[in-house]
Amino acid sequence: METKSPLPPFTEETARQKVRMAEDAWNTRDPARVVLVYTEDTRWRNRAEFPVGRAEVQRFLERKWARELDYRLIKELWACTGNRIAVRFAYEWHDDSGHWYRSYGNENWEFNEQGFMMRRYASINDQPIAEAERKFFWPLGRRPDDHPGLSDLGF
C-alpha cells in the first residue's frame, strides 16, 4: 500500500516536514501533482466551497490558480497531535487586472494511517495590498530555504 511520509502520529519535527512539503507542492501551482497527497475521498472546506474527492479538488485548484496569478505561499506549523496538524499561512497573488492581494488563513488537516490527507478545513481572508507592500519575491516555485517565514516577516 502506498504511503506519503512522514506518517502519523506526528511529532513537531515530522509535522514541520509535512507542512513544508505541502507548501512546496502548492507553490508548483500544479493541481494534478497537488491532489496526489489527498485521499481519493478527501473532503475540503475552502471559503464557501466544499469539494469532495480528488477530481473535485483538482478542478477547484485549476480555477484557483487561473484566477490567483503569480501565487507565492508560506505555511507555518501552528500545532499538531496524533494524525492532525493545524497550519497558518499567507500567500500573495494578483488578479488579471493587476490588483495585488495578501491572503491570510488557517488550515486544519487530518491524515489517514498512510499519510494521505483526508480532511482539509481552511478559513481565509483576502487583504488588498499595493504592489509596493509585497513581501514574497522569490522566483515562482519553491520558497528558498533562506527566505523568511511568516513569523520572521511579522505576520
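Here the straight-line distance linking atom CD of Glu68 with atom CZ of Arg29 works out to 11.5 Å at 0.5 Å rounding. Taken to the nearest 0.5 Å, the CE atom of Met117 stands 7.0 Å off from the CD1 atom of Ile85. Here Glu13 contributes atom CD and Arg16 contributes atom CZ; the two are 10.0 Å apart, rounded to the nearest 0.5 Å. To the nearest 0.5 angstrom, Gln17 atom CD is 10.0 Å from Phe10 atom CZ. One distance of note links CD of Gln114 with OG1 of Thr3; it measures 8.0 Å at 0.5 Å rounding. Between Leu77 atom CG and Lys18 atom NZ the span is 13.0 Å, to the nearest 0.5 Å.
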Q | Phe116 vs Glu2, side chain to side chain contact (heavy atoms under 4.5 Å, CB included): CA-CA, chis, key distance, verdict | A | CA-CA 9 Å; Phe116 290 87; Glu2 185 180 3; 3.9 Å; yes
Q) Do Phe111 and Leu7 pass the side chain to side chain contact (heavy atoms under 4.5 Å, CB included) test, and can you show the C-alpha distance, the side-chain angles, and the key distance before you say yes or no? A) CA-CA 8 Å; Phe111 295 84; Leu7 304 177; over 6 Å; no
Q.
Using side chain to side chain contact (heavy atoms under 4.5 Å, CB included), reason through Trp65 and Asp30 one step at a time and then give a plain yes or no.
A. CA-CA 9 Å; Trp65 289 318; Asp30 180 350; over 6 Å; no
Q: Given side chain to side chain contact (heavy atoms under 4.5 Å, CB included), test Leu153 with Phe136 step by step and report yes or no.
A: CA-CA 10 Å; Leu153 291 167; Phe136 304 173; 3.5 Å; yes
(Q) Let's go through Asn46 and Arg120 carefully: what are the C-alpha distance in whole Å and the side-chain angles of both, what is the deciding distance for side chain to side chain donor-acceptor pair (under 3.5 Å) to 0.1 Å, and is it a yes or a no? (A) CA-CA 8 Å; Asn46 196 96; Arg120 177 184 172 270; 2.7 Å; yes
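Using a 4.0 Å cut-off between a side-chain N of Lys or Arg and a carboxylate O of Asp or Glu, Asp126 and Arg47 qualify as a salt bridge. Ion pairing between a basic and an acidic side chain is recognised when a charged N comes within 4.0 Å of a carboxylate O; Lys64 and Glu49 show no such pairing. Comment: Arg88 engages Glu76 in a salt bridge, judged by a side-chain N to carboxylate O separation of less than 4.0 angstrom. In summary, Arg20 and Asp145 engage in a salt bridge, as defined by a charged side-chain N under 4.0 Å from a carboxylate O. In summary, Arg102 and Glu133 do not engage in a salt bridge, as defined by a charged side-chain N under 4.0 Å from a carboxylate O.
A 6.0 Å sphere centred on CH2 of Trp100 holds more than 12 heavy atoms belonging to other residues, nucleotides or ligands.
The shortest side-chain heavy-atom distance between Asn108 and Arg84 does not fall under the 4.5 Å cut-off. Here the side chains of Leu73 and Trp93 are not in contact, with every heavy-atom distance at 4.5 Å or above.
Among the candidates Glu56, Glu62, Arg54, the single residue satisfying the side chain to side chain donor-acceptor pair (under 3.5 Å) test with Gln58 is Glu62.
A single hydrophobic cluster is not seen to contain both Val52 and Val34; linkage of ILVMFWY side chains at heavy-atom distances under 4.5 Å, directly or through other members, places them apart. Under the 4.5 Å side-chain heavy-atom criterion for grouping Ile, Leu, Val, Met, Phe, Trp and Tyr, Ile74 is not connected to Val87 through any hydrophobic cluster. At a threshold of 4.5 Å between side-chain heavy atoms, the hydrophobic network of Ile, Leu, Val, Met, Phe, Trp and Tyr places Val37 and Met21 in two separate groups. A chain of hydrophobic side-chain contacts below 4.5 Å, direct or via other Ile, Leu, Val, Met, Phe, Trp or Tyr residues, connects Tyr104 to Leu150. Cluster membership for Met118 and Phe60, using ILVMFWY side-chain heavy atoms within less than 4.5 angstrom, is not shared.
Under the 6.0 Å cut-off for aromatic ring centres, Tyr38 and Trp44 qualify, their centroids lying closer than that.
When every heavy atom of Pro148 is checked against every heavy atom of Asp152, the shortest pair comes out as CB-CB, 3.7 Å. Pairing each heavy atom of Lys75 with each of Arg143, the nearest pair is O-NH2, 4.5 Å. Nearest heavy atoms, Gly82 versus Pro8: O-CB, 3.8 Å. Heavy atoms only, all atoms of each residue included: Arg72 and Phe137 are closest at NE-C, 4.2 Å. Nearest approach of Asn27 to Gly141, heavy atoms of both residues: CB-O, 3.3 Å.
No donor-acceptor pair under 3.5 Å is formed between the side chain of Glu110 and the backbone N or O of Arg119. Looking at Thr42, its side chain never comes within 3.5 Å of a backbone N or O of Thr39 through a donor-acceptor pair.
Between Tyr91 and Tyr71, the two ring planes are tilted [angle within 30° to 60°].
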